[in-house]
Amino acid sequence: MLRVGLTGSIGVGKSFVSSVLAELGCHVLDADKTAREVVAAGSAGLRAVVEAFGSEILQPDGALDRARLGAIVFADETKRLLLNSILHPYIIAAQDEQLREWEVEDAQGIAVVDAALMIESGGYKRFDKLIVVHCRPEVQLERLMARNAISREEAARRTRAQMPQEKKKRYADFLIDTSNGFEDTRRQTVEVYQHLRELVRGKEREVLE
């Protein structure tokens, strides 16, 4: 199975790209979904986060108060890095389990893991290819403001908390620029998918030879 990483900064349209790849037949795993699962109420991941950040990040029912935790880590780089270091092993283990299941079911398929911090964590090295989604900075800010109903200043602060887009692009095997809307993004995504399918066919030929 071809393993592909999909990454990009906050607000660049990565979710749309992953949805198109899923439509085209890729097995897509959303790291945000995995991250939510590993901090479910009563989980070992949540216990580790509470140990580091205190019980004030819990809701009355024992579930994680995501808004409260988010406010803490976005305001403090050290705490953000601490949270990532705590959750990373749990997320990787859950991803690997899912990838193994997919490989058994569809050995000639394409597995895509969609994760915002793949480059920062070094996790991109686990994949055969890396897709980086990006857009113009002004487009990123406008999208983030509209999606999260936040001020331009807050949107800018959140983008500054992440690795710059230009730096992420240097790691890419494939680039998808979402600046010009859905249809242009879909066209680029289909082109990348066709390249990935060709890589799978190349692997098949190597096995047969």
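Computed from a predicted structure; not experimentally measured. Here, residue 1 is the first one in the sequence, and each next residue gets the next number.
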*Salt-bridge contact Arg100-Glu97 (side-chain N to carboxylate O under 4.0 Å)*: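 Judged by the 4.0 Å cut-off on N to carboxylate O distance, Arg100 and Glu97 do not form a salt bridge.
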*Between Arg187 and Glu183, does at least one N-O distance fall below 4.0 Å, as a salt bridge requires?*
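No, this pair does not count.
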*asked:* Using the side-chain contact (heavy atoms from CB on, under 4.5 Å) definition, which of the options Val113, Thr34, Leu29 pairs with Gln98?
replied: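 Among Val113, Thr34, Leu29, the one meeting side-chain contact (heavy atoms from CB on, under 4.5 Å) with Gln98 is Leu29.
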*asked:* Taking atom NZ as the centre, does Lys169 end up with more than 12 heavy-atom neighbours from other residues, nucleotides or ligands that are less than 6.0 angstrom away?
replied: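 Yes, NZ of Lys169 has more than 12 neighbouring heavy atoms, counting only those of other groups under 6.0 Å.
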_Over 12 foreign heavy atoms within 6.0 Å of CD, Glu51_ =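 No.
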*asked:* Quick check: do Val132 and Leu130 have side-chain heavy atoms less than 4.5 Å from each other?
replied: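 Yes - at least one pair of side-chain heavy atoms lies under 4.5 Å apart.
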_So does Leu24 get a backbone contact from the side chain of Tyr193, meaning a donor-acceptor N/O pair under 3.5 Å?_
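Yes, because the side chain of Tyr193 sits within donor-acceptor range (under 3.5 Å) of the backbone of Leu24.
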_Test side chain to side chain contact (heavy atoms under 4.5 Å, CB included) on Met118 and Arg126; report intermediate values, then the result._
CA-CA 10 Å; Met118 186 174 289; Arg126 300 160 53 228; over 6 Å; no
_salt bridge (charged side-chain N to carboxylate O under 4.0 Å, His left out), that's the test. Do Arg157 and Glu153 meet it? Break it down for me._
CA-CA 6 Å; Arg157 189 172 67 80; Glu153 292 73 21; over 6 Å; no
_Pairing donors with acceptors under 3.5 angstrom, does anything connect the side chains of Gln165 and Gln140?_
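A pair is found: one side chain offers a donor N or O, the other an acceptor, under 3.5 Å apart.
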_Which residue in the set Lys14, Gln188, Arg143, Arg186 passes side-chain hydrogen bond (donor to acceptor under 3.5 Å, both in side chains) when paired with Thr178?_
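Only match with Thr178 under side-chain hydrogen bond (donor to acceptor under 3.5 Å, both in side chains): Arg143.
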*Can you name the nearest heavy-atom pair linking Leu196 to Leu2, along with the distance?*
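In terms of heavy atoms, the two residues are closest at O-CD2, 3.7 Å.
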